[in-house]
Amino acid sequence: MWPHRVIVLMNQGKNPTACPEGVLMALLFRSSVDSEARWKPQLTRLMPELEVRIWPEVGDPAEIDYALVWRPEPGLLASLPNLKLILSLGAGVDHILCDPELPANVPLVRLVDPYMTDAMSEYVALQVLRLHRQDLDYRAQQDAGIWRELDQKNAAERRVGILGAGALGQDAGRKLAALGFDVALWGRSPKTINGKACHAGAAELPALLGRSEILVCLLPLTDRTQAILNAGTLALLPRGAALVNAARGGHLVEEDLLAALASGQLSGAVLDVFRDEPLPAGHPFWRHPRVVVTPHVAAATHPPTAAPIILDNIRRFEAGRPLLNRVDPAQGY
Ligand code: NDP
Ligand code: OXD
């Protein structure tokens, strides 16, 4: 497809009505992990009037209206003087808010896609069941050729705590409860979900931790949640508890987890996210018998379902209608 602006400029001399002014929009796509091939066809099929430019082929920065990004280079967004809206290629926005030159006056929206929410809940259910049914122990027994039955509780007797009571935490909580688990959620502000009050705020974190035999982290990474999984908080879990972190590597103090596993305070951990990604070769997590590693795949973005949601926000912006899933930079999520 010809770049839209080029078509219009050529048309202007010949047939100025063929492509009216006002429909010209340019979006810059920049992802450090995803490919143009997965996104551009979806976006242009649904919004042909949108010219999709792929970084580093920015062209004239003044022509860029929208930026769809995952971990953009610091300063990239500030270099686009007429940027109207920043759209995150993920549910989290820490990868954008960490840019010290982020333009303060440009709204930012994150991606909330039911397809991703389902994927995250599948991941959480799989890993909670794995820990609940002592799969790490049975794997170790199999490696050693040991046939031994371990004591087993029912899901109703297993208390699961979820840090984060947002789009992902609520859905995972509902699905774990449907499996029978005794689930409690923790968020920033008080709320009642399915008739059950969530634990809220720093004051109620110890109570949530104290009941969580399996702790699932689904928080956004902010100044307040950075390193929230540390020696102090892990010590508040019941002895032998297990951790699932599918949020961000920055939530976890990795050395503190290793120490908690070594002391038996924690019996296992499933980690999808890491301080450094990809997880460096030789990192102790790779070969740790009580740690399961997955490569940040709990809920991957899915262009066929995400593109319409992203474009809906662009249409909303153009029509002056309220944006969906707008981020409050002051709160960090
Ligand atoms: P939401 O914004 O919908 O929910 C965030 C939740 O965290 C809210 O309940 C919020 O509380 C709570 N929260 C925020 N700050 C605090 C705090 N200081 N103390 C207590 N609670 C707090 O986010 P999502 O559920 O959509 O996503 C959560 C995170 O999951 C993303 O930010 C991303 O980092 C991660 N993620 C990981 C993926 C993966 O593949 N591994 C995929 C997708 C997302 P309140 O309800 O009061 O606002
Ligand atoms: C996200 C992620 O934030 O993929 O969407 O981690």
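Read the numbers this way: they start at 1 and go in the same order the structure lists the ligands and their atoms.
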Participant: How far is atom 4 (O) of ligand 1 from the closest protein heavy atom, and which atom is that?
Facilitator: Gly166 CA, 3.1 Å
Participant: Could you tell me which atoms of ligand 1, counted from 1 in the order shown, lie closer than 4.0 angstrom to a heavy atom of Gly164?
Facilitator: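 Contacts of ligand 1 toward Gly164, numbered from 1: 6 (C), 7 (O), 9 (O).
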Participant: What pairs of donor and acceptor atoms, side-chain ones from residues 291-299 against any protein atom, are under 3.5 angstrom apart with sequence neighbours left out?
Facilitator:
residue: Thr294; atom: OG1; partner: Tyr123; partner atom: OH; Å: 2.7
residue: Thr294; atom: OG1; partner: Asp272; partner atom: OD1; Å: 2.7
residue: His296; atom: ND1; partner: Glu277; partner atom: OE1; Å: 2.8
residue: His296; atom: ND1; partner: Glu277; partner atom: OE2; Å: 3.4

Participant: Between Asp118 and Ser121, does any side-chain donor sit less than 3.5 Å from a side-chain acceptor?
Facilitator: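 There is no such pair between these side chains.
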Participant: With a cutoff of 4.0 Å, is Gln170 in contact with ligand 1, counting heavy atoms of the residue only?
Facilitator: no
Participant: Counting only heavy atoms not in Asp328, do more than 12 fall under 6.0 Å of its CG?
Facilitator: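 Yes - once you tally the heavy atoms of other residues, nucleotides and ligands closer than 6.0 Å, there are more than 12.
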Participant: Can you tell me if Tyr138 and Glu149 form a side-chain donor-acceptor pair at under 3.5 Å?
Facilitator: no
Participant: Quick one: nearest non-hydrogen protein atom to atom 48 (O) of ligand 1, plus distance?
Facilitator: Tyr333 OH, 2.5 Å
Participant: Any N or O on Ala300 sitting closer than 3.5 Å to an N or O of ligand 1?
Facilitator: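 No: no nitrogen or oxygen of Ala300 is under 3.5 Å from one in ligand 1.
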Participant: Looking only at distances, please establish whether an N/O atom of ligand 1 is found under 3.5 Å from an N/O atom of Thr225.
Facilitator: no
Participant: Looking only at protein heavy atoms, which one is nearest to atom 16 (C) of ligand 1, and how far off is it?
Facilitator: Arg188 CB, 3.8 Å
Participant: How does Thr222 reach ligand 1, if at all, at less than 4.0 Å between non-hydrogen atoms: by side chain, backbone, both, or neither?
Facilitator: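 Looking at Thr222 and ligand 1, no heavy atom falls under 4.0 Å.
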Participant: Considering only heavy atoms, does Met120 approach ligand 1 within less than 4.0 Å through its side chain, its backbone, both, or neither?
Facilitator: side chain
Participant: Distance under 4.0 Å to a non-hydrogen atom of Ala91: what atoms of ligand 1 satisfy this?
Facilitator: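 Near Ala91, the atoms of ligand 1 are 43 (C), 44 (C).
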Participant: Is it the case that atom CZ in Arg315 sees more than 12 heavy atoms from other parts of the structure closer than 6.0 Å?
Facilitator: yes
Participant: Locate the shortest heavy-atom distance separating Pro61 from Ser79; write the atom from each residue and the value.
Facilitator: CB-O, 3.3 Å
Participant: Which residue owns the protein heavy atom closest to atom 1 (P) of ligand 1, what's the atom, and how far is it?
Facilitator: Arg110 NH2, 3.3 Å
Participant: Give me the residue, atom name and distance of the protein heavy atom closest to atom 32 (O) of ligand 1.
Facilitator: Pro220 CA, 3.3 Å
Participant: For Val112, state whether at least one heavy atom is located under 4.0 Å from any atom of ligand 1.
Facilitator: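 The answer is no: ligand 1 sits nowhere under 4.0 Å from a heavy atom of Val112.
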Participant: Is Arg290 reaching over with its side chain to a backbone N or O of Ser267, donor-acceptor style, under 3.5 angstrom?
Facilitator: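 Present.
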Participant: Grab the two heavy atoms, one from Ala246 and one from Val273, that are nearest each other, plus how far apart they are.
Facilitator: C-CG2, 4.1 Å
Participant: If you take all heavy atoms of Pro107 and Leu85, which pair is closest and at what distance?
Facilitator: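 Scanning both residues, the minimum pair turns out to be O-CD1, 3.5 Å.
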Participant: Please check if any side-chain donor atom of Tyr333 sits under 3.5 Å from a side-chain acceptor atom of Arg110, or the reverse.
Facilitator: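 Arg110 and Tyr333 do not have a side-chain donor-acceptor pair below 3.5 Å.
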Participant: Within the distance-only criterion (no hydrogens, no angle test), does the side chain of Glu254 pair as donor or acceptor with the backbone N or O of Arg275 below 3.5 angstrom?
Facilitator: yes
Participant: What residue among Ile86, Leu77, Leu28 forms side chain to side chain contact (heavy atoms under 4.5 Å, CB included) with Pro72?
Facilitator: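 Of all the options given, the one that passes is Leu77.
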Participant: Note down each nitrogen or oxygen pair, ligand 2 side and protein side, whose separation is under 3.5 Å; give only atom names and the distance to 0.1 Å.
Facilitator:
residue: ligand 2; atom: 3 (O); partner: Ala91; partner atom: N; Å: 3.2
residue: ligand 2; atom: 3 (O); partner: Gly92; partner atom: N; Å: 2.8
residue: ligand 2; atom: 3 (O); partner: Arg248; partner atom: NH2; Å: 2.7
residue: ligand 2; atom: 5 (O); partner: Ala91; partner atom: N; Å: 2.6
residue: ligand 2; atom: 6 (O); partner: Arg248; partner atom: NH1; Å: 2.8
residue: ligand 2; atom: 6 (O); partner: Arg248; partner atom: NH2; Å: 3.4
residue: ligand 2; atom: 6 (O); partner: His296; partner atom: NE2; Å: 2.6

Participant: Hey, which of Thr225, Leu208, Asn245, Val216 is the one that makes side chain to side chain contact (heavy atoms under 4.5 Å, CB included) with Leu163?
Facilitator: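 Per the side chain to side chain contact (heavy atoms under 4.5 Å, CB included) rule, the option paired with Leu163 is Leu208, out of Thr225, Leu208, Asn245, Val216.
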Participant: Is the CZ atom of Arg133 crowded by more than 12 outside heavy atoms at less than 6.0 Å?
Facilitator: no
Participant: I'd like the name of whichever of Leu163, Ile162, Leu219, Thr117 reaches closest to atom 12 (C) of ligand 1 through any heavy atom.
Facilitator: Leu219
Participant: Any N or O on Val273 sitting closer than 3.5 Å to an N or O of ligand 1?
Facilitator: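 N/O-N/O distance under 3.5 Å: no.
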Participant: Val297 to ligand 1: N or O pair under 3.5 Å?
Facilitator: no
Participant: Among all the protein's non-hydrogen atoms, which is closest to atom 42 (C) of ligand 1, and how far away is it?
Facilitator: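 That would be Ala299 O, 3.5 Å.
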Participant: So which heavy atom in the protein is nearest atom 25 (O) of ligand 1, and how far is it from that ligand atom?
Facilitator: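 The answer is Leu168 N, 2.9 Å.
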Participant: Using the six-membered ring wherever Trp is involved, compare the ring planes of Phe274 and Phe285 and label them parallel, tilted or perpendicular (cut-offs 30° and 60°).
Facilitator: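 Because their plane-to-plane angle lies in the 30° to 60° range, the rings of Phe274 and Phe285 count as tilted.
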Participant: Hey, is CZ on Arg224 packed in by over 12 heavy atoms from elsewhere, all under 6.0 Å?
Facilitator: no
Participant: With heavy atoms of Ala247 as the reference, note each atom of ligand 1 found under 4.0 Å away.
Facilitator: 34 (O), 35 (C), 37 (C)
Participant: Ser189 heavy atoms, cut-off 4.0 Å: which ligand 1 atoms fall inside?
Facilitator: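 What qualifies from ligand 1 is 45 (P), 47 (O).
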Participant: Is it true that Asp272 lies under 4.0 Å from ligand 1, counting heavy atoms only?
Facilitator: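 Yes, Asp272 has a heavy atom closer than 4.0 Å to ligand 1.
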Participant: Give a yes/no on ligand 1: does Lys191 have at least one heavy atom closer than 4.0 angstrom to it?
Facilitator: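 Yes; Lys191 lies near enough to ligand 1 that a heavy-atom distance drops under 4.0 Å.
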Participant: Do Trp70 and Asp34 get their side chains close enough for a donor-acceptor pair, meaning under 3.5 Å?
Facilitator: no
Participant: Ser32 and His95: side-chain donor and acceptor closer than 3.5 Å?
Facilitator: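 There is no such pair (donor and acceptor under 3.5 Å, judged by atom type) between the side chains of Ser32 and His95.
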Participant: Quick test: of every protein heavy atom, which one is nearest to atom 19 (N) of ligand 1, and how far off is it to 0.1 Å?
Facilitator: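 The closest one turns out to be Trp186 CH2, 3.3 Å.
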Participant: Would you mind listing which atoms of ligand 1 come within a distance below 4.0 Å of any non-hydrogen atom of His296?
Facilitator: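 Those atoms are 39 (C), 40 (O), 41 (N).
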Participant: Can you name the atoms of ligand 1, numbered from 1 with element, that are less than 4.0 Å from a heavy atom of Leu218?
Facilitator: 28 (C)
Participant: Between Asn194 and Lys196 (side chain of the first, backbone of the second, donor and acceptor by atom type, cut-off under 3.5 Å), is there such a pair?
Facilitator: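 Looks like no, no N/O pair under 3.5 Å.
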Participant: Measuring from non-hydrogen atoms of Ala246 to any atom of ligand 1, is the shortest distance under 4.0 Å?
Facilitator: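 For ligand 1, residue contact (heavy atoms, under 4.0 Å) with Ala246 is present.
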